Every structure is written in structure tokens, then in C-alpha cells.
Number of protein chains: 2
Amino acid sequence: MTTMNRAAPPVPGRRSTKQRAAVANLLEQLDDFKSAQELHDELRKRGEGIGLTTVYRTLQSLSDAGEIDVLRTDTGEAIYRRCSAHHHHHLVCRHCGHTVEVEGPAVEKWTDRVASEHGFSQVSHTVEIFGSCADCIRR
Amino acid sequence: MTTMNRAAPPVPGRRSTKQRAAVANLLEQLDDFKSAQELHDELRKRGEGIGLTTVYRTLQSLSDAGEIDVLRTDTGEAIYRRCSAHHHHHLVCRHCGHTVEVEGPAVEKWTDRVASEHGFSQVSHTVEIFGSCADCIRR
DNA sequence: GGGGTAACGATAGTCATTCTACGTTTTCCG
DNA sequence: CGGAAAACGTAGAATGACTATCGTTACCCC
């Protein structure tokens, strides 16, 4: 088997660079969902030399790899966040972006049941809760 | 009270026109979520003289009035559909767009409970299920 | 440390959506 | 009815998020 001299895959998007580290690192520190542009601004502010294109590209590949979660604001803008590995949903403050990860086995079962009742397969679902967090209400 | 000589509100967006009727009418006939552009194309195809801007504006006001549902594809594009009045969610085929309205009291209760547990108020939620419908699987 | 190549990044698109400017219709009160 | 203002409708320009292009840079493996 001469074709298998290495285990490492030739999959693109894996070379480690300063820029990728910077993006991953920033996401690690943040707790709320941020847009690509916000992340880019923050990185520049911190003195990282990084282009907007690269930020988009990196976020794309991170989300493809399932390492970050993406969701859309009501204006259609994509926002990103480093999340825990297991399946979960979000409770997001629509004012400050403060995010809480939540789980609901009942919801998972419900979606599976509903989908199969209607003959749907290969099912995925989005469940996001938006509201005003206690802090924002106080103001 | 001279300031109240009329009860009718100065709220814009309520005048009945041929174009609005055409949009509302088309939505009435369709069963699946469509983008503004698709709706516009269809209207032109049917010989309705209507501009894209008007379609957008009409969809906007219809959705403000709660008469149609809006959701976003994973590319961020807004898609619209005439729906029943009561609260419900959607089971959408990601291939053909075929849509089924579904209800889940358990989900409603769950979201309310989770939100209040974390001190969130004024809560709304999105629950959409995407999958492949039986017809599309057969191919 | 050299070379092949993935990754970068400035710039120029693309695409959905919104704004602008202006002509047209509707409404409403006399 | 008549006439004026409010609301509409339209084409085209502008916006803003995101993506493709392509010459340059810098990783990584030898």
C-alpha cells in the first residue's frame, strides 16, 4: 500500500498560521456572538495584521469543521461564537448579545418525532431563543 | 378635544392597491416559502406590472402586520409564506422547499421555562426543522 | 535553508435589500 | 365634483455583507 504513507489528510484549510491562531484565540476569549466585521475590528485593534477576507475565510472553515456556531441576526447578518462540543441551543439577549447555552432533550425528541411523522429524513433543526436579559431590563 | 376629529390612524401601508392585492393573492396560492425575487419573477410572468421595490415593501408591511411569516435560508436570504394565524413552526424540505406547519406545546413551555430560569423576559423564539421530504428522497 | 503550495490580503465583484427622486393614484373635505 | 396632500409605485442608484480573483507571503517537510 504505497498510497498510504501518511495518515495526515490532504484536506485544505489546516495549515496553522498566525492569523488563524488569532481568530481562534479571540473567539476563545469572547462569550457572545459576534459578526465577522466586529471580530476583524477587534483583531486590528489588538494590532493583529489580518485582512477581512481572511477573517471570513477562517470563520467559514471553523464553522465547516463544526468548531464554532453560526447563527443569523434578523437582518441576515452572520454571527459567530465558540461553543461547547455537544449539541445545544442558545438563549440570546437581543440587546447586549449575552448568550447562554441551553439543552432540551424534550425538544430533540419532539423534532425527530414530528419529522418522521411527515416522512422527512436527514433532519436538522434550529432552536434559538431571543429575549431581554435581566441586566438589560434594569436599564 | 379638537385634536381628535378622526379615529383613523395615519399609519402608512394600508391603502389597497392592485399590486398589493397581487402579492397577497399570489402568496395565498403558494404553499412553500419563496424569496422576494422569486415572487417578483412570478408576478411579472403572470403579467402583473409590479416593481421589485414594491414587492419588497409589500412583503415588509405584510410581515409587520403579522400576516405572513418570514424566515432566513442558511445563505441569509429572506423567504416568505402566507401562514395560518396561530403560532406554529415549520418543517421545511431543504431540496424542494415543501413546507408543513407543525405545533408543539411542549416546545413553547420549554422555551418559556428556560428563559425565565435565566432571567430573560420579552422572549421570542425560532424553531425550524429542515430535512428531506419523502418525495425528494425517492430521487 | 529551499522549494512547492497553502494561505494571505487588497481590490473588485456579486447579490439581496434599501434608498432616492419623482411621477401617479387615492382619499377626503369642502 | 375638484383639487391638493398623502400615500403609492417605479426605475435606478446606493448600501452592506459577503465572495472571487490573483499576485504575494510564509508554512512545512525534506
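Order of the sequence lines sets the chain letters (A, B, ...), proteins ahead of strands, with each chain counted from 1. For clarity, every value in this text was computed on a predicted model and none was experimentally measured.
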Next item on the list: In plain terms, say whether Arg44(A) and Asp41(A) are close enough for a salt bridge, that is, a side-chain N and a carboxylate O under 4.0 Å apart.
Entry: no
Check: Within the structure, does a side-chain N or O atom of Gln19(B) lie under 4.0 Å from either OP1 or OP2 of dT10(D)?
Finding: yes
Item checked: Length of the CD-P vector between Glu38(A) and dA17(D), whole Å -> 10 Å
Notebook entry, point to check: Just by distance, do the side chain of Glu67(B) and the backbone of Leu62(B) share a donor-acceptor pair under 3.5 Å?
Noted result: no
Notebook entry, point to check: Counting side-chain heavy atoms from C-beta on, which of dT19(D), dG4(C), dC8(C) comes nearest to Arg15(A)?
Noted result: dG4(C)
Margin query: Both Thr17(B) and Thr17(A) contact DNA chain C. Taking the nearest nucleotide for each, which residue is further toward the 5' end?
Written below: Thr17(A)
Next item on the list: May I have the distance from Asp41(B) (atom CG) to dC15(C) (atom P), rounded to whole angstrom?
Entry: 14 Å
Next item on the list: Grab the NE2-C1' distance between His40(B) and dT17(C) for me, whole Å please.
Entry: 13 Å
Next item on the list: By nearest nucleotide on DNA chain C, pick out whichever of Thr58(A) and Leu52(B) is the more 5' one.
Entry: Thr58(A)
Next item on the list: Report the distance from atom CD1 of Ile50(A) to atom C1' of dA10(C), rounded to the nearest whole Å.
Entry: 14 Å
Next item on the list: Check DNA chain C against residues 70-81 of chain A and give the residues with a non-hydrogen atom under 4.0 Å, in numerical order.
Entry: none
Margin query: What is the separation between atom NZ on Lys34(B) and atom C1' on dA16(C), rounded to the nearest whole Å?
Written below: 17 Å
Note to self: Is it true that Glu101(A) and Ser84(A) share a donor-acceptor pair across their side chains at a distance under 3.5 Å?
What the structure shows: yes
Item checked: Rounded distance in Å - CZ (Arg57(B)) to P (dC19(C)) -> 10 Å
Next item on the list: Quickly work out the Leu59(A) CG to dA7(C) C1' distance and round it to whole Å.
Entry: 15 Å
Note to self: Between the base of dG9(D) and the side chain of Arg20(B), is there a donor and acceptor pair under 3.5 angstrom?
What the structure shows: no
Next item on the list: Please lay out, stage by stage, how His90(B) and Asp69(B) fare under the test side-chain contact (heavy atoms from CB on, under 4.5 Å).
Entry: CA-CA 10 Å; His90(B) 300 112; Asp69(B) 282 12; 3.3 Å; yes
Check: Does any N or O in the side chain of Arg72(B) come within less than 3.5 Å of the main-chain N or O of Asp74(A), such that one atom is a donor and the other an acceptor?
Finding: yes
Check: Nearest to the side chain of Tyr56(A), which nucleotide is it out of dG9(C), dT10(D), dA17(D)?
Finding: dA17(D)
Check: Okay, side chain of His40(A), backbone of Tyr56(A): is any donor-acceptor separation there less than 3.5 Å?
Finding: no
Next item on the list: Select base, sugar-phosphate, or nothing to describe what Ser16(A) touches, counting heavy atoms under 4.0 Å on all strands.
Entry: sugar-phosphate
Check: If you take atom types as modelled and just measure distance, does the side chain of Thr53(B) reach the base of dC19(C) with a donor-acceptor pair under 3.5 Å?
Finding: yes
Checklist line | Side-chain ion pair, Arg138(B) and Asp135(B), N-O less than 4.0 Å | finding: yes
Item checked: Glu48(B) CD to dG9(D) C1', straight-line distance once rounded to whole Å -> 14 Å
